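As structure tokens, the structure follows; a few thoughts come after it.
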Amino acid sequence: MGDPSGEPGSSMHGVTGREQTFAFSVASPMVPTDTTAKFDLPVDTEHKAKVFKLFSFANPHMRTFHLSWISFSTCFVSTFAAAPLVPIIRENLNLTKQDIGNAGVASVSGSIFSRLVMGAVCDLLGPRYGCAFLVMLSAPTVFSMSFVADAGGFITVRFMIGFCLATFVSCQYWMSTMFNSQIIGLVNGTAAGWGNMGGGITQLLMPVVYEIIRRCGATAFTAWRLAFFVPGWLHIIMGILVLTLGQDLPDGNRSTLEKKGEVAKDKFGKIMWYAVTNYRTWIFVLLYGYSMGVELSTDNVIAEYFFDRFHLKLHTAGIIAASFGMANFFARPAGGYASDLAATYFGMRGRLWALWIIQTAGGLFCVWLGRANTLVTAVVAMILFSMGAQAACGATFAIVPFVSRRALGIISGLTGAGGNFGSGLTQLIFFSTSKFSTEQGLTWMGVMIVACTLPVTLIHFPQWGSMFLPPSNDPVKGTEEHYYGSEWNEQEKQKNLHQGSLRFAENSKSEGGRRVRSAATPPENTPNNV
Amino acid sequence: MAIHKIFFASLLICLLFQISHGATKERLFSDLEKGALEVTATPSREGVLDAGIDKLSITWKLSSTATKEAEFTTIKVKLCYAPVSQVDRPWRKTENELFKDKSCPHKIITRPYDKSPQSFEYTLERDIPTGTYFVRAYAVDAKGHEVAFGQSTDEAKSTKLFSVQAISGRHKSLDIASVCFSVFSVLALLVFFVNEKRKAKIEQSK
């Protein structure tokens with residue numbers, strides 16, 4: 001992690017990973033290589049990797065990456081495992097549309113709280129144990145699907161399984177201990193995107209497993225229960241792999257307590273205050289609820305939708321639904337990349353426009369999906385919708401690191417929670433009642449996406465401007481130093497506690513756009529070694 | 001650019017196929033001849049029937065009011081949901097367009113049309129959900145299109161209905177396996193944790 005001292009929110013530093021531009025590696029003059037260390041990859045003085053070598057499983061850095069994103073993906077698989085099997089489950093348990101909708105809401109609600117707690121757990125036990133604990137202790141919740149006999153049981157079990165989505169936090173935290181902050185952007189973005197893919201993999205996996213079990217002779221109402229053993233075993237396997245193959249830090253499993261006391265701890269209350277009183281935080285909470293949130297909601301309803309509306313077989317509906325989640329493989333990183341591209345020309349204003357365009361396009365494609373009457377148009381609309389929503393997730397976290405330097409951790413956590421909250425809300429309003437058919441629900445969800453993306457226009461940075469307003473001309477208030485420095489009061493500034501923010505302010509000047517970048521290019525600024 | 005043009009063209013062709021294909025599926029339930037067959041469905045016992053165990057005694061014969069008898073080739077007998085089992089469950093909705101209608105998803109038996117009265121002893125399948133049902137027999141012509149029907153209940157679907165209780169799908173062996181794997185998961189975690197803490201203590205004391 002970036003700050004082993006454990007200041008509040010430090011566990012989230014590097015989570016968004018957009019503090020610098022995307023890069024596959026960090027050049028040596030910028031970050032000195034430790035040549036005495038014997039690792040497969042070049043490392044810095046903290047022994048964090050400076051290079052991201054995707055197809056390597058070398059211990060410890062790349063191995064951590066793969067263990068981490070696969071465990072996160074496994075949790076997505078089990079959280080959404082019920083969704084493609086709902087056509088069978090609803091007949092076994094005699095569910096109504098409300099019950100199905102409520103179960104969907106429950107599946108995303110648990111992790112709102114567990115994600116907030118997970119940061120503290122990682123601080124206490126380290127990310128390896130944080131991940132292993134969560135994954136192995138939630139395995140019983142997955143297995144308990146075999147006991148479910150009615151709607152209440154179904155909703156409860158889906159709620160409990162949903163807690164394991166907090167592996168997002170352990171995944172990102174663990175990666176920040178292993179990768180240098182200059183490349184943590186690409187690493188974390190890839191891990192988050194590939195983890196979210198689990199929501200697509202499960203739509204493919206569960207119907208196939210169900211079909212195999214049925215062909216072995218089980219009745220429908222037993223086969224779906226048995227099918228849940230597969231995600232359950234995945235939890236156990238991944239937990240054991242993480243415990244045996246993983247390690248907390250590049251140098252081993254030493255306790256991080258040894259390193260505490262080097263940096264003064266920040267006060268949780270103050271950080272919380274700065275996070276909560278910055279209006280941009282709440283706009284991003286809302287926005288992420290309508291990019292990540294609608295992605296989660298769609299994971300829950302799309303397979304059943306295709307099964308019912310277009311009279312498809314269960315595994316055909318699963319294949320189509322899977323392509324929604326699988327688009328995360330490239331769509332989320334692409335969104336971050338698009339944001340970076342816009343920033344090189346137009347700075348932060350470009351990033352805001354990119355976010356608005358991508359997320360609104362996603363919303364419009366969602367409307368089209370709801371109104372599509374033939375299978376082909378529905379599939380096309382769904383794929384375009386998925387790319388819009390997932391790219392918007394990537395583009396959101398391309399801006400969040402600039403909202404605040406001091407309260408980055410908490411703002412990232414709140415934004416993430418907003419995603420789950422938006423998902424629960426959307427499922428409650430549109431997919432849990434008989435007032436809307438599912439296709440009407442999708443249409444209205446698309447309208448709501450477009451409406452809830454409009455607040456991007458209100459995000460204004462005095463030093464960089466907003467979508468419609470230019471940056472402030474004020475020589476004091478229009479600077480990056482003033483914006484990030486304003487999070488510290490005079491006493492703290494006298495003690496020089498704000499140095500980190502000032503350094504960040506200096507590095508963030510590239511967000512002013514082309515005119516700023518061409519004016520002065522300090523050698524230590526942007527690592528462009530892609 | 002060529003790839004884009006090919007992709008767009010194939011998409012357009014697929015769309016056109018879909019549109020034209022959809023235009024022919026407009027056969028309506030309201031066009032079918034009502035009451036062409038007299039159907040009865042008698043449960044094997046009183047009360048709620050158990051799926052997989054209890055039986056229905058089904059009979060059907062040509063009604064005296066039938067006019068399209070010459071077209072009848074096959075009789076398809078199906079189990080249909082009563083209105084009370086369709087509430088809040090849009091996947092069981094009754095639609096007038098025959099290909100869209102989802103109120104009779106469970107097939108009982110299909111037999112070639114015979115002038116004499118027919119009967120069949122149907123054991124409720126193990127995948128029949130809990131609900132209230134009646135039986136409907138469709139008379140199908142040589143092209144596979146429905147032309148007439150008869151059902152065991154009245155037109156309002158309110159009389160002579162019967163209730164079925166589904167199997168739970170749970171098994172003791174499944175429950176036991178579930179508990180075993182859950183316990184294994186928690187134990188494995190604790191064993192690893194305690195073990196590593198012990199090793200760390202030993203190393204520190206060295």
Side-chain angles (χ1 to χ4, degrees), chain A residues 86-100 125 129 132-133 135-149 218-226 228-229 232-233 235-236 239-240 243-244 253-255 304 307-308 311 373-377 380 433-434 437-438, chain B residues 10-19 21-22 51-52 85 87-93 99-100 102 105-106 125-131 165-193 195-197 199-200 203-204:
Chain A
V86 159
I88 313 295
I89 302 176
R90 67 189 180 195
E91 306 293 25
N92 189 186
L93 306 179
N94 205 18
L95 303 176
T96 60
K97 186 164 190 209
Q98 286 83 336
D99 296 328
I100 298 171
L125 296 176
Y129 271 122
F133 260 80
V135 161
M136 292 186 90
L137 291 181
S138 52
T141 61
V142 182
F143 285 117
S144 59
M145 266 297 188
S146 57
F147 297 110
V148 164
T219 52
F221 294 171
T222 306
W224 76 264
R225 294 165 190 276
L226 259 174
F228 268 85
F229 275 58
W233 287 330
H235 273 239
I236 298 181
I240 293 179
L243 287 172
T244 52
N253 280 328
R254 246 175 284 131
S255 167
E304 193 191 354
F307 180 83
D308 287 331
H311 316 284
N373 281 318
T374 64
L375 182 59
V376 174
T377 34
V380 170
T433 96
S434 294
S437 64
T438 310
Chain B
S10 51
L11 211 61
L12 209 59
I13 292 171
C14 287
L15 273 166
L16 288 170
F17 263 124
Q18 286 291 320
I19 294 170
H21 201 229
S85 285
V87 172
D88 285 334
R89 293 178 176 85
W91 56 90
R92 294 180 184 172
K93 215 166 150 203
F99 83 99
K100 271 194 192 172
K102 291 187 243 188
H106 306 285
E125 304 267 357
R126 280 186 297 167
D127 61 357
I128 304 285
T130 302
Q165 175 66 41
I167 59 164
S168 74
R170 292 178 57 185
H171 285 277
K172 251 217 176 69
S173 51
L174 214 64
D175 293 345
I176 294 174
S178 185
V179 171
C180 284
F181 286 123
S182 305
V183 168
F184 171 70
S185 183
V186 178
L187 275 182
L189 178 68
L190 288 175
V191 164
F192 265 108
F193 190 65
N195 225 17
E196 271 203 22
K197 287 292 173 196
K199 277 199 209 147
E203 253 194 53
Q204 270 192 357

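All values reported here derive from a predicted model rather than from experimental measurement. Residue numbers start from 1 in every chain, and the chains themselves are labelled A, B, ... in the order their sequence lines are given, proteins ahead of strands. Atom set for the values below is all heavy atoms of this structure, side chains included, hydrogens, waters and symmetry mates excluded.
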Atom of [X], atom of [Y] and distance for their closest heavy-atom approach:
| X | Y | value |
| --- | --- | --- |
| B:Ala188 | A:Met136 | CB-CE, 3.8 Å |
| A:Asn92 | B:Ser168 | ND2-O, 3.2 Å |
| A:Phe143 | B:Ser182 | CB-OG, 3.6 Å |
| B:Asp88 | A:Ser434 | OD1-OG, 2.8 Å |
| B:Trp91 | A:Thr96 | CH2-C, 4.1 Å |
| A:Arg225 | B:Gly169 | CD-O, 3.4 Å |

Side chain, backbone, both or neither: which part of [X] has a non-hydrogen atom closer than 4.5 Å to chain B?
| X | result |
| --- | --- |
| A:Tyr129 | side chain |
| A:His235 | neither |
| A:Ser144 | backbone |
| A:Val135 | neither |
| A:Trp224 | neither |

Quiz item: Under 30°, 30 to 60°, or over 60°: which ring-plane class applies to A:Phe133 and B:Phe193, parallel, tilted or perpendicular?
Solution: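 Perpendicular, since the angle between the ring planes exceeds 60°.
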Quiz item: Quick one: CZ on A:Phe229 to CG on B:Leu174, what's the gap to the nearest 0.5 Å?
Solution: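 Atom-to-atom, A:Phe229:CZ and B:Leu174:CG are 4.5 Å apart.
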Quiz prompt | Test item: B:Arg126 side-chain N/O and A:Thr219 main-chain N/O as donor-acceptor pair under 3.5 Å | solution =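 Answer holds: no.
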Quiz item: Has the side chain of B:Ser178 got a donor or acceptor atom that lies under 3.5 Å from a matching backbone atom of A:Ser146?
Solution: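 Pair absent, no side-chain N/O of B:Ser178 close to backbone of A:Ser146.
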Identify which part of [X] has an atom lying under 4.5 Å from any heavy atom of chain A, answering side chain, backbone, both or neither.
| X | answer |
| --- | --- |
| B:Ala177 | both |
| B:Ile128 | backbone |
| B:Lys93 | neither |

Practice problem: Could you please spell out the steps behind the salt bridge (charged side-chain N to carboxylate O under 4.0 Å, His left out) verdict for A:Glu91 and B:Arg89? | Solution: CA-CA 10 Å; A:Glu91 306 293 25; B:Arg89 293 178 176 85; over 6 Å; no
Heavy-atom pair count under 4.5 Å with chain B, highest-scoring of [options]:
| options | value |
| --- | --- |
| A:Asp308, A:Leu93, A:Thr244, A:Asp99 | A:Asp308 |
| A:Lys97, A:Met145, A:Glu304 | A:Lys97 |
| A:Ile236, A:Thr222, A:Ile100 | A:Thr222 |

Quiz prompt | Residue pair B:Val179 / A:Phe147, side-chain heavy-atom distance below 4.5 Å | solution =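 They are in contact (side-chain heavy atoms under 4.5 Å apart), so the answer is yes.
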Practice problem: Would you tell me whether A:Asn94 and B:Thr130 have side-chain atoms, one donor and one acceptor, within less than 3.5 Å of each other? | Solution: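 Judged by distance alone, the side chains do not pair up.
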Practice problem: Could you tell me which of B:Ile167, B:Asp175, B:Leu190 has the largest number of non-hydrogen atom pairs under 4.5 Å with chain A? | Solution: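 Looking at each option in turn, the highest pair count goes to B:Asp175.
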